[in-house]
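Working notes, structure below.
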Amino acid sequence: MMAFQQASDYLIFYVNGRKVVEKNPDPEDMLLPYLRRNLHLTGTKYGCGGGGCGACTVMISTVHPVSKKIIHYPALACLLPICSLYGNAVTTTEGIGNSTTKLHPVQERIAKAHGSQCGFCTPGMVMSIYTLLRNHPEPTMEQILSALSGNLCRCTGYRPILDGCKTFSKDCCLNEKKEHRLEEVKSFPKLFYEKDFLPLDPTQDLIFPPELMMMFNSQKKMNVFLGERITWYSPSTLDEILELKTKYPSAPLVVGNTALGPQMKFQGVIHPVLISPVRVMDLYNVSLNDMGISIGAACSLSQVKEILCENISAIQEDKAKIFHALLQHLGTLAGEQIRSMASIGGHIISKRTISDLNPILAAGGAILNFASKGETRQVELNELFFTGSSPQKSEEVLLSVFIPYSKKDEFVSAFRQAQRDENANAIVNAGMKVHFEEDTDIVKEMAIYYGCMGPSTVYAKNTSQALIGRHWDEEMLNEACKLILEEITLSPSAPGGKVQYRRALTISFFFKFYLQVLQCLKKTIKSSSVASDYISAIKDFEINTPKTLQIFQETEQEQPIDDPVGHPIVHTSGIKQATGEAIYVDDMPTVDQELFIAFVTSKRAHAKILSIDASEALALPGVCDIIRAEDIPGKNELDGLNHLFSEDKVECVGQIICAVVADTPKHAKQAAAKVKIDYQNLEPVILTMEDAIKNNSFFEPEKKIIHGNAEEAFKSADHILEGEVHIGGQEQFYMETNTVLVVPKGEENELDIYVSTQDPTGVQLAVAACLNVPSNRVMCHVKRVGGAFGGKITKPSIFACASAVAAHKTKRPVRCVLERGEDMLITAGRHPFFGKYKVGFMNDGRIVGLDVSFYTNAGCSTDESILVLVVALIKMDNAYHFPNLTCTATACKTNLPSNTAFRGFGFPQTGLVTETIMDAVAVKCGLQPHQVREKNMYTGIGKTHYNQEFDSTNLMRCWNECMQKSSYQSRRDAIQEFNKENYWKKKGIAIIPLKFTVGFVEKTYHQAAALVHIYRDGYVLVSHSGVEMGQGLYTKIVQVVSRELKIPMSYIYICETSTVTVPNSIASGGSIGTDITGIAVKNACDILQQRLEPIISRNPNGKWEEWVSEAFEQRISLSSTGYYRGYDTYMDWEKGEGHAGPYYIFGAACSEIELDCLTGKYNNLRTDIVMDLGQSINPGIDIGQVEGAFTQGFGLYTTEELQYSPFGSLYTLGPDKYIMPAVCDIPREFNVYLLASSNNPYTIYSSKGVGETALFLGCSVFFAIKDAIDSARAERGLSKDFTLNSPAGPERIRMACSDYLTNMIPKDEAGTYNPWCVDVSK
C-alpha cells in the first residue's frame, strides 16, 4: 500500500517559454489570477470566470500520454487549476508577439482588420486562432468559425474579426461573391489590404520545452499539492488512482474542471481532496473491435470528435449512425475551449441534464467500463445509471466508454435546441434509436432519451416499449407523441421555465425523428402517406461561410495624401490590445499594501435589516476589516442610486449592505460569504409594471407630448386598432466588469482613482461627497474602458465610493474587480418596456391618429430612468410622420436593481412599439409591411411630433438605396414561393427605416474641453474630456489633430482622460463624443496654429520640429485649451415642443431569416444596411460601430433574455445563462453601405455620430422572424393579427407557429402553480 505524503511537491510548468516553479501551489488557484497576479501577464483577461466568454483563452501544450506526440489545445485560464499544469506549457498572447519586437500575424490581422474595438476580448480571440494555426496552418473557414465558437465579443459584431482571420484560410476565396466582383465595386476602397500583412511564419512559434519532454519520459511519481482547504493528488498510474479512490471514495476526479470548477466557484462547493488523472495513460486508450469503439474516459470531447471522424471513413456507413449523431452535437456543444478541456468521462459521470451526449450514448447502447481496486465491471448507460439504481460505486473510476456500431435496420438521431446554436446550454436535448425487424418497418427495439426534462437524462421507457411491434406510420407517430407527453412530464414550476416549449420540443423532436427514419426507409418501404412538403421538417439550414461587403466613399482627390481624415485608420490601441500590452484598470501593477474589496449584497427584494453579524468573516485568514455605513465620513447616498451601504432597509436583491477588505480577492470573497444578515420581509414586493400600476408605484415626473388631436383623428379613421407590446430588458455585458483602484496619497486626503467609467467627473464628485472632502483632492483617471454601452455612467460611482471609503478607513490602496455575476446583479441594464397603443388609420395604411402609453420598469431608484423616458418619447416616431399623436411615458418603481442607461436609451424599446404598430396596420389593411412604412415616412422638409423641422431627403435616400441594394422585392417574391413549398421551414424578410438624433435634450451635456501640449521636440500630447471605450474616439481625435496641425499621427499621443488635466467633463455617451470633443480639440489646435503661423510664414520650407523650436525660443506658448459650448437643444414639456437634437442620422436595414417551425430555431441569412454618417472621419471605425450596434440590437430583440425569480433574484447571471449573439449568429451575408454625398454642417468635418444609431436596426431581424411566423400561421389557418413580444427567442417562435403538435400539449391553469420565473416586462 502506498504512503501518502504530507508535504507539497513542487509544481513545474512553463509559461511563454519560461520555466515556472511554484513551491506551494494551492489547488484552489486558477491559472487566470496566477498569470495576472503572480507572473504579471495581464494580457489574459477576466471576462466571466465561468468559462463562458473566452476572454481568458490560452494555449496549452502537452505530451499525449498514449501517442507521445505534442498536442496544442485552447483552454480557459479561469477554469484551469494551476495544479493541473504540471509538465505542461502555457502560451499567452504576450508569448507569441508584441509591438516592440515582432507581431504575430494573428495579432496583426485581427487588429488591422478593425477587429479590436474596446479590445478586452481581443487576446482571447488571438489565442483561439493562434492555437488553431498551430494545429492547422491553413485552416478552413469551418475550422475558423469553430475555433471562435467559444469567444464572445460585445463591440464588433464579429465581422471584422472573421475578415482578419479568414486571410489565413485556404478557402477564403469562397467569401468573394460574384456580384461583388463588378468593376464599380472593385473601384471602392477597402478597409484593409491583405497584401500588407505579415506572412505566417511557423519559426516564430515557441518550441515545446525539452525539459518537459524529459520530465514526461522520466520515471513518474504521484504529485501532491497541499492548499489551504484542498489537497490535490496527481497520480501517474492507474493503481495509484484506485488506491486513492479507496482511501478517498468521495473525492472527485478532475480532468478539465469544466463542471466541478463552476460548482466550486459559484455554488461554494468544497471537496477536501481532488484527484487529477490526466497523467494516467490507461484513461486515454482507444481501441476498436468488431462490435464498436472504446474511448478512454480522460479523452477530451475534441479528441472524441477527432477519433470518431477518423474512424467513420474506415467502417461501413450502416455502422456509423451513432457516430454521426454524436458528431452532430460535438460540433455545437459548448465552445472549442470547453470541448478541448472537458472529458468524455466527466461529461457522462456528471449526469447533468444538459449533457448533450448522454441521451445519444444511452439510446445507442453505450457501455461504461469501471475499475476499482481488484475489480472491473461493465455498466450499461441506461435509465438505471441516470436514476441511481445502478450507480457508480464511490471507489470506482470510469476507465472508458464503449460505443457500439449501429446495426443494419437501425437508425440513430440526435436533437438539441438552445437559445443560441453554439456554446449555449440546451433547452432540451434528445437521443433516439429505432431498430426494425429485418427489411420491414416493424419496430423491433426503441430507445428515446431526453435531457433537460428532469434532474438528469430521462428515458421514455413506457413509450419505447409500447412502440415495439408497431409499423412506422402516422398512426404510430400520433400514439408516440401522446405517450411521450404522458410519460415525460414537467412540472409547471420546473427550474429553467419555458415549460410548454420544452414539452413541445419533446414531440417535435420525435416528429423529426419519425420523418428522418421514414426518409431512409423509403428506399425499401414504398408505402408512405406523408406529404412531400413535410420533408422540410428535416432539412437542415444551409450553413455557409459568412460573406461580407463594406462600401464607403473615397476621400476627395484634392485632399493631401498625408491627411488621415476620411481613411480607415486602425484603432490606435488595436495592436496593443491584440498583444495584451494595452493596460486596463485591473492590469495595473499591484500597489504596495493593496487590499481587495468584496461586497455583501441583499438576498431579499424588500426587507428590513434586523442585524449584521460579521464576526465569522473577520476571523478568516487575510481579512482586514468590514466596511459599513458608519464608516462613511460624508454622504451615504448617491444621486439617483439610494444609499451606498443600506443597513436599515433593502429594496432589491443585490443591494449593497456592507463590504469586506482582505489581502487577496479570494479571501475577500470567502469572508463576504460568511457575513450573516437577518431580515424581516416587507410588503409589497413589486417586480412587474403591472404590479407597480396596481400599487401606484411610480417615479416622477411622468413625461407627455401631445401633437394635434388624436381623439378627433380617430373619428375620421377607417380603422382603429388597440394593442400592447412588451419588450424585455438587456444586460450591457461589457467585457470588462466594473473595476476600480483607489490609491490614497497620504496627504490632505488626496486620492488617485483609476476607474473604468464613462463619467470620470461623476465619480470624482461622488467620491468627494462620500468622503466629505473637496473635489480637488480626488483625481480620477481613465485610460480606456473595456466596453460600457451606457452601463458605466452612473454605476461605477458605487464601487469607487465604496472602495474610497475602504481606503480612507484602512489607509491602504483598495482594488475592486467585480465578478461577472455580481456586476450583472448589482448594476442591472436596459429598461424593460410595456407599450399600450390605440391607432387610427385609413384603408391605404396611412395613420391619422395614435395614442400610446409607455411604462418602463425602472427598478428601485430613479438612476437615469427619467432621461430614458425623455429619449423614448422624443424618438418614438422613428421615421414616421404622425399628424396626431398623444404619447406618455411613466417610470415604474419596482423592487429590482435600478435599470440604467444603455445604448439608445429608451428608443430601441419605443421604436419597436412603433414598428409593431406598422406591422399591425399592414395586416389589417392587407398590405405588405414595407408599403405601410413607406406610406407613413417623413418626406421633404418634415416636422416631428415636437415641432422640430428637418430635411428628410437622406432618409428616403437610405430607404430607396436599401430597397435596391437588398433586392427586396424580388427576394420577397422568392420567399413567398419558398414558403408555399415548405410547410415546416419558413423564410421571412423585413426592411426597417431609421431616423435618429444624437446627444441629449439638456444642452449642459453637450459641452467639451481639451488641452493640447506641443513639446519642444515636436511631439504632441492631447488631453480631452471624452472617454475611450472602444468607439474609437481617441483614434479619431488623433486624426483631427493630425489634420489641424499638419503633422503625422505618429507625433500625437493621448495618454488618458483625467479630471486632473481637463475638469468638469460630461459623461461620454449619446453618440456625440467625436462631435463635441473633436471641435474642442480643433479649437485648441487652431489657437496653436495661429501662434505658429508667423513663424511658419517666415520659414515655409522648414520642418515642424524647427517651427516648434523657434516658437519656444520666442517664448510663444505651446500649450492651449480648447472648448466647445455644445449644441443649443431644449424641450418645452408644457408646450410639447422643442429643438431636441442637433441633427438627424438616417438609415435602413433589410434582413432575411429562415426558421424551423418545429423548434423555433432560426438562421440569419442576410442583412443589408445603408447608413447616412455624413462624411466619415474613419470608415473602418464607423462601419465597425454600425455592425457592432446592429448585432447588439438583434441580440436585444431575439436571444438576450433576463429571467427573474418570483422573489426578485436574477437567474441569468453569466454568459452560460444570459445568451447574447456569438459568431454563429451573424448574418451569412452581411453588407454595409455608407450613404455617399452626405454632408452635415453641424459637426466637425461634416461627420455624424454613430455609436448608438444602428442598434435599433437589429429589429429588422425581429420583424423578419415575425414575417416568417405570419406565413406559418396563415398556412395553418391561424390569425396573423397577433403580437410578437421581445425578445423573439426560439420559445416564442415555436409557440407562435402553433400546430397539431402544440395543441396536444397539456395546459397548466394559471394560478394553480408558482411559476419559476416572472416576466418583468409585463
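Between Glu1275 and Lys986 a salt bridge is recorded (basic side-chain N to carboxylate O distance below 4.0 Å). Between Glu1187 and Arg159, at least one side-chain nitrogen of the basic residue sits less than 4.0 Å from a carboxylate oxygen of the acidic one, meeting the salt-bridge criterion. Salt bridge Glu479/Lys482: absent, no basic N to carboxylate O contact under 4.0 Å. A salt bridge does not link Arg416 to Asp421: none of the charged side-chain nitrogens sits closer than 4.0 Å to a carboxylate oxygen. Look at Arg1166 and Glu1154 and you find no salt bridge, because none of the NZ, NE, NH1 or NH2 atoms lies under 4.0 Å from a carboxylate O. Ion pairing between Lys498 and Glu1291 holds under the 4.0 Å rule for side-chain N and carboxylate O.
Panel note: side chain Thr353, backbone Pro455; no donor-acceptor pair is recorded below 3.5 Å. Judged purely by atom type and a 3.5 angstrom limit, Asn358 has no side-chain atom pairing as donor or acceptor with the backbone of Leu361. Between the side chain of Tyr983 and the main chain of Ser536, no donor-acceptor pair closer than 3.5 Å is present. The closest donor-acceptor contact from the side chain of Lys321 to the backbone of Glu410 lies under 3.5 Å. Not one N or O on the side chain of Arg420 forms a donor-acceptor pair closer than 3.5 Å with the backbone of Pro1221. Checking side-chain atoms of Thr156 against main-chain N and O of Tyr158 turns up a donor-acceptor pair under 3.5 Å. Not a single donor-acceptor pair under 3.5 Å links the side chain of Ser966 to the backbone N or O of Asp1168. Panel note: side chain Tyr514, backbone Glu474; a donor-acceptor pair is recorded below 3.5 Å. The backbone N or O of Leu1158 lies less than 3.5 Å from a partner atom in the side chain of Ser508, making a donor-acceptor pair. Under the 3.5 Å distance criterion, the side-chain polar atoms of Thr1199 are matched with a main-chain donor or acceptor of Ile1219.
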Practice prompt. Please assess Arg1294 against Asp1299 for the test salt bridge (Lys or Arg N to Asp or Glu O under 4.0 Å), listing each intermediate value before the final yes or no.
Written response: CA-CA 10 Å; Arg1294 174 63 184 108; Asp1299 52 49; 3.0 Å; yes

Worksheet entry | Verdict with reasoning, Ser146 to Glu336, per side-chain hydrogen bond (donor to acceptor under 3.5 Å, both in side chains) | CA-CA 6 Å; Ser146 179; Glu336 188 63 35; 3.1 Å; yes

Practice prompt. Evaluate the salt bridge (Lys or Arg N to Asp or Glu O under 4.0 Å) criterion for residues Lys433 and Glu445: first the C-alpha distance (whole Å), next the side-chain angles of each, then the deciding distance (0.1 Å), finally the verdict.
Written response: CA-CA 8 Å; Lys433 182 187 77 173; Glu445 182 187 352; 3.2 Å; yes

Worksheet entry | Stepwise salt bridge (Lys or Arg N to Asp or Glu O under 4.0 Å) check, Asp973 with Arg971 | CA-CA 5 Å; Asp973 294 341; Arg971 284 167 60 203; over 6 Å; no

Fill in: Pair Gln909-Ser1286, side chain to side chain contact (heavy atoms under 4.5 Å, CB included): steps then yes or no
CA-CA 9 Å; Gln909 298 96 307; Ser1286 173; over 6 Å; no

Item to complete: Dump the intermediate steps for side-chain hydrogen bond (donor to acceptor under 3.5 Å, both in side chains) on Arg972 and Gln969, then the final yes or no.
Response: CA-CA 5 Å; Arg972 172 165 279 284; Gln969 196 56 59; 5.8 Å; no

Practice prompt. Tell me, with the steps shown, if Ser1271 and Asn979 meet side-chain hydrogen bond (donor to acceptor under 3.5 Å, both in side chains).
Written response: CA-CA 7 Å; Ser1271 179; Asn979 289 346; 3.2 Å; yes

Worksheet item: For Ser1279 and Asp1281, what are the C-alpha separation, side-chain angles and deciding distance, and is it a side-chain hydrogen bond (donor to acceptor under 3.5 Å, both in side chains)?
Response: CA-CA 5 Å; Ser1279 170; Asp1281 184 15; 5.0 Å; no

Discussion item. I'd like to know whether Arg933 forms a salt bridge (Lys or Arg N to Asp or Glu O under 4.0 Å) with Asp919, so could you lay out the CA-CA distance, the side-chain angles of the two residues, the decisive distance to 0.1 Å, and finally the verdict.
Written reply: CA-CA 8 Å; Arg933 291 185 167 96; Asp919 257 34; 3.1 Å; yes

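At a cut-off of 3.5 Å, with distance as the only test, no side-chain donor of Glu422 or Thr332 sits close to an acceptor on the other residue.
Stacking of Arg1273 on the aromatic ring of Phe1282 is recorded, both the 6.0 Å distance cut-off and the 45° axial limit being met. A cation-pi arrangement is absent between Arg502 and Trp1316, since the terminal nitrogen or guanidinium carbon is not both under 6.0 Å from the aromatic centre and inside a 45° cone about the axis. A cation-pi arrangement is absent between Arg1292 and Tyr501, since the terminal nitrogen or guanidinium carbon is not both under 6.0 Å from the aromatic centre and inside a 45° cone about the axis.
Between Thr1159 and Gln417, the closest side-chain pair of non-hydrogen atoms falls below 4.5 Å. Taking the side chain as every heavy atom from C-beta outward, Phe1194 and Phe1262 never approach each other to under 4.5 Å. No side-chain heavy atom of Pro832 sits less than 4.5 Å from a side-chain heavy atom of Gln730. For the pair Glu1229/Glu1152, no side-chain contact is recorded, criterion being any heavy-atom separation below 4.5 Å from C-beta on. For the pair Ile488 and Tyr459, the minimum side-chain heavy-atom distance is 4.5 Å or more.
Expressed to the nearest 0.5 Å, how far OG1 of Thr1302 lies from CZ of Arg1276 amounts to 8.5 Å. How far SG of Cys481 is from OH of Tyr1300: 6.0 Å, rounded to the nearest 0.5 Å. Summarising the geometry, atom CG belonging to Leu326 is positioned 5.5 Å from atom CD1 belonging to Ile403; distances are rounded to the nearest 0.5 Å.
The 12-atom threshold is not exceeded at NZ of Lys924, counting heavy atoms of other residues, nucleotides or ligands nearer than 6.0 Å. Residue Glu142 places its CD atom among 12 or fewer non-hydrogen atoms of other residues, nucleotides or ligands, all under 6.0 Å distant. Atom NZ of Lys461 sits in a sparse spot, with 12 or fewer heavy atoms from other residues, nucleotides or ligands closer than 6.0 Å.
When every heavy atom of Ser413 is checked against every heavy atom of Ala325, the shortest pair comes out as C-CB, 4.2 Å. Among all heavy-atom pairs drawn from Cys53 and Pro1215, the shortest one is N-CG, 4.1 Å. Across all their heavy atoms, Ala1222 and Leu152 have their closest contact at CB-CD2, 4.0 Å. Between Gly150 and Gln337, the shortest heavy-atom contact is CA-OE1, 3.3 Å. Summarising the geometry of Pro359 relative to Gly431, their closest heavy-atom pair is CB-N, 3.4 Å, with the distance given to 0.1 Å. Minimum interatomic distance between Leu1196 and Gly728 (heavy atoms only, all atoms of both residues): CD1-O, 3.9 Å.
For His329, the ring pair (Phe, Tyr, Trp, His ring centres under 6.0 Å) test picks out no residue, with sequence neighbours left out. Remark: Glu486 engages Leu483 in a side-chain contact (heavy atoms from CB on, under 4.5 Å) (not counting sequence neighbours). Partners of Phe509 according to the ring pair (Phe, Tyr, Trp, His ring centres under 6.0 Å) rule, which considers only residues two or more places apart in sequence or in another chain, are Phe415.
Of the candidates Tyr1197, Phe1256, Phe1230, Phe1230 is the only one forming a ring pair (Phe, Tyr, Trp, His ring centres under 6.0 Å) with Phe1190. The salt bridge (Lys or Arg N to Asp or Glu O under 4.0 Å) test with Asp1156 is passed by exactly one of Lys539, Lys985, Lys1161: Lys985.
Aromatic ring orientation, Phe733 versus Tyr1218: parallel (interplanar angle below 30°, classes split at 30° and 60°).
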